[in-house]
Amino acid sequence: EFSMSNFTSVSEAFLVPVTKREDGPPGALVGGVYDQQGQFVEESAFYRTGVKMVYSQPLDTNGVTDKIDFPVMFGGYSYSHFGHFLLESISRLHVAREFPDLPIVWLKDPHLKGWQKLICQTLKLRNEHIFLSNPVRVPNLILGDCGFSIRSFFKSYHAEFLGQYSAKTVPGRKIWLSRSKLAEKHGGIENDLEIESLLIEQGWDIFHSQEHSVDRQLEVLATAERIAGFEGSAFHLLILLKDVSAKVDIFPRGPSINPNYEIISKTKGFDQEIHFVEMKKISGSGSYSRYIVNDPAELYSRLF
């Protein structure tokens, strides 16, 4: 059910394309949504781990000469990073159900890539997309509540809106979401090919998500009986499945794991286990770290 509480209506709003905030937390932006007095609309910001990521800038409303003459819907901040687009950029689009004809206005990247358009098609969106390069005035802005906040929450109404894709499970289909072909700069596991050869012997299919279309990725995830792999954005596509029938096993890269994986599985209600196995760090830092797994056979044993 979609109630009025899932969005805010801002009349005579100003939309300001975002730029990087030099003195803020990493990735912070300035710009966003302002009301008719030029005051920043706090609901237009988003948060990561409780840290605000969009900040106001002084706005001279009289200096804004560009305008859109019809009501629009706030898309938010279009990230070309797969995981951030799925979790953050589309976190307000649930209101498209109530406003299927309102154009969606984006404030960051200048266009949607092919894979982003496919995600919008999966969500059955037929709205036009508008990308701003200058501040504009709009007569009315529909501002959806944030449905997903990294490391914090996943609203059930947003999960229900996102869960559009369904397919029948193929008995015995076991999918390992591989990172072995990703560039080293993305971090990873030094001996993942050794691990994958063990999995292949036991009937697992090795799937390199980045080599396939969004449609193909969804089909593989939706039909699998088991899904496993080292943590990564490929798992976030599960939010677009109506039901996750697979048992999901995720192996952290390092000593901790982002809470998003547990937030998603709890909200969607599917069977997921997180397995920590002994590994040694060999290079990099944060999510760009590379590790070597001490005992590939021990890792495989966790999948029984």
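In this chain, numbering begins with 1 at the start of the sequence shown. Excluded from the calculations below are hydrogen atoms, water molecules and symmetry mates; all remaining heavy atoms, backbone and side chain alike, are included.
- Counting heavy-atom neighbours within 6.0 Å of K266 NZ, excluding the residue itself, gives a total of 12 or less.
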For this session: Under the side chain to side chain donor-acceptor pair (under 3.5 Å) rule, what do N140 and S9 come out as? Steps first, then yes or no, please.
Result: CA-CA 7 Å; N140 194 43; S9 180; 3.0 Å; yes
Problem set entry | Stepwise side chain to side chain contact (heavy atoms under 4.5 Å, CB included) test for L241 and L218 | CA-CA 7 Å; L241 301 190; L218 286 167; 3.9 Å; yes
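- Rounded to the nearest 0.5 angstrom, E98 CD and I142 CD1 are separated by 8.5 Å.
- Shown here is K281, whose NZ atom has more than 12 heavy atoms of other residues, nucleotides or ligands within 6.0 Å.
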For this session: With side chain to side chain donor-acceptor pair (under 3.5 Å) as the test, would you mind laying out the steps for H275 and D249 before giving the verdict?
Result: CA-CA 7 Å; H275 306 274; D249 296 273; 2.7 Å; yes
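- Between the side chains of T223 and R173, at least one donor N or O sits under 3.5 Å from an acceptor N or O.
- Cluster membership for V33 and V95, using ILVMFWY side-chain heavy atoms within less than 4.5 angstrom, is not shared.
- Looking at H81, its side chain does come within 3.5 Å of a backbone N or O of G83 through a donor-acceptor pair.
- Aromatic ring pairs are classed by plane angle as parallel below 30°, tilted from 30° to 60° and perpendicular above 60°; the pair F154 and F148 is tilted.
- Taking every heavy atom of both residues into account, W115 and S80 meet most closely at CZ2-O, 3.1 Å.
- Residues V16 and Y34 are in side-chain contact: their nearest non-hydrogen atoms beyond the backbone lie under 4.5 Å apart.
- In this structure, L29 and T19 have side chains that are not in contact, with every pair of non-hydrogen atoms separated by 4.5 Å or more.
- By the criterion of side-chain heavy atoms lying less than 4.5 angstrom apart, applied directly or through intervening Ile, Leu, Val, Met, Phe, Trp or Tyr residues, V64 is not grouped with W106; the two fall into different hydrophobic clusters.
- Residues V138 and V105 fail the side-chain proximity criterion, which asks for heavy atoms closer than 4.5 Å.
- Salt bridge K155/D145: absent, no basic N to carboxylate O contact under 4.0 Å.
- In the hydrophobic clustering of ILVMFWY residues, with side-chain heavy atoms under 4.5 Å counting as a link, I175 and I264 come out together.
- Residues V248 and F235 are in side-chain contact: their nearest non-hydrogen atoms beyond the backbone lie under 4.5 Å apart.
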Problem set entry | Full working for salt bridge (charged side-chain N to carboxylate O under 4.0 Å, His left out) between D101 and R126 | CA-CA 7 Å; D101 301 314; R126 61 171 194 256; 3.3 Å; yes
Exercise. Does the pair V41 and Q39 meet the rule for a side chain to side chain contact (heavy atoms under 4.5 Å, CB included), with working shown?
Worked result: CA-CA 6 Å; V41 177; Q39 296 298 308; over 6 Å; no
Problem set entry | F131 vs L112, side chain to side chain contact (heavy atoms under 4.5 Å, CB included): CA-CA, chis, key distance, verdict | CA-CA 9 Å; F131 303 88; L112 291 182; 3.6 Å; yes
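- Between E273 and R302 there is no salt bridge, since none of the side-chain N atoms of the basic residue sits less than 4.0 Å from a carboxylate O of the acidic one.
- To the nearest 0.5 Å, the span separating CG on L141 from CD on E43 amounts to 11.0 Å.
- Taking the six-membered ring for Trp and the full ring otherwise, F7 and H94 have centroids separated by 6.0 Å or more.
- Among L240, L118, L237, the single residue meeting the side-chain contact (heavy atoms from CB on, under 4.5 Å) criterion with Q217 is L237.
- Following chains of ILVMFWY side-chain contacts shorter than 4.5 Å, one cannot reach F85 starting from V18, and the two form parts of different hydrophobic clusters.
- At distances below 3.5 Å, at least one donor-acceptor pair connects side-chain atoms of N127 with backbone N or O atoms of F99.
- Looking at every heavy atom in both residues, D66 comes nearest to P135 through CB-O, 3.6 Å.
- Taken from OG in S44 to CG in L15, the straight-line distance is 8.5 Å, to the nearest 0.5 Å.
- Taking E196 as the reference, S178, S180 meet the side chain to side chain donor-acceptor pair (under 3.5 Å) condition, with sequence neighbours excluded.
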For this session: In sequence, state the C-alpha distance, the side-chain angles, and the governing distance for I227 and L177, and then conclude on side chain to side chain contact (heavy atoms under 4.5 Å, CB included).
Result: CA-CA 7 Å; I227 299 166; L177 298 179; 3.9 Å; yes
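- Residues V214 and L125 share a single hydrophobic cluster, defined by chaining ILVMFWY side chains whose heavy atoms lie under 4.5 Å apart.
- With sequence neighbours excluded, no residue forms a side chain to side chain donor-acceptor pair (under 3.5 Å) with D109.
- Annotation: cation-pi geometry not satisfied between K185 and Y288 (NZ/CZ under 6.0 angstrom from ring centroid, within 45° of ring axis).
- Heavy atoms of other residues, nucleotides or ligands lying less than 6.0 angstrom from CD of E262 number 12 at most.
- Nearest heavy-atom pair across N191 and P296 is ND2-CG, 3.8 Å.
- Shortest non-hydrogen contact noted between T61 and R137 is O-NH2, 3.6 Å.
- Hydrophobic clustering, defined by side-chain heavy atoms of Ile, Leu, Val, Met, Phe, Trp and Tyr closer than 4.5 Å, groups I206 together with W176, I189, I195, L198, L199, I200, W204, F230, F251, V277, M279, Y291, V293, L299, Y300, L303, F304.
- E225 is not listed as a side-chain neighbour of K247, based on a closest heavy-atom distance of 4.5 Å or more.
- Remark: side-chain polar atoms of R92 are paired, donor with acceptor, to backbone N or O of G144 under 3.5 angstrom.
- Rounding to the nearest 0.5 Å places CD1 of I263 at 12.0 Å from CD1 of I239.
- Considering every non-hydrogen atom in both A222 and S245, the closest pair reads O-OG, 4.0 Å.
- Once rounded to the nearest 0.5 Å, the distance linking OG of S149 with OH of Y47 reads 9.0 Å.
- Contact of the V72 side chain with the I104 side chain is not registered, since no non-hydrogen atoms from C-beta on lie closer than 4.5 Å.
- Heavy atoms from other residues, nucleotides or ligands lying under 6.0 Å from CD of E211 number more than 12.
- Note that CG of L238 and CG of L86 are 10.0 Å apart. Values are rounded to the nearest 0.5 Å.
- Contact between C146 and Y157 at its shortest, heavy atoms only, is O-OH, 4.2 Å.
- Using a 3.5 Å distance cut-off with no hydrogens or angles, the side chains of S89 and S78 do not pair a donor with an acceptor.
- Relative to the ring axis of Y79, R48 places its NZ or CZ within 45° and under 6.0 Å from the centre.
- When each of Y55, Y77, F74 is tested with F46 by the rule ring pair (Phe, Tyr, Trp, His ring centres under 6.0 Å), just one qualifies, namely Y77.
- Salt-bridge check for R97 with E160: passed, with a basic side-chain N closer than 4.0 Å to an acidic carboxylate O.
- Donor-acceptor pairing under 3.5 Å is recorded for the side chains of Q164 and K124.
- With a 4.5 Å cut-off on side-chain heavy atoms, F161 and L123 count as touching.
- Within the 4.5 Å cutoff, the side chain of Q272 has heavy atoms near those of the I250 side chain.
- No side-chain donor-acceptor contact under 3.5 Å links N260 and H236.
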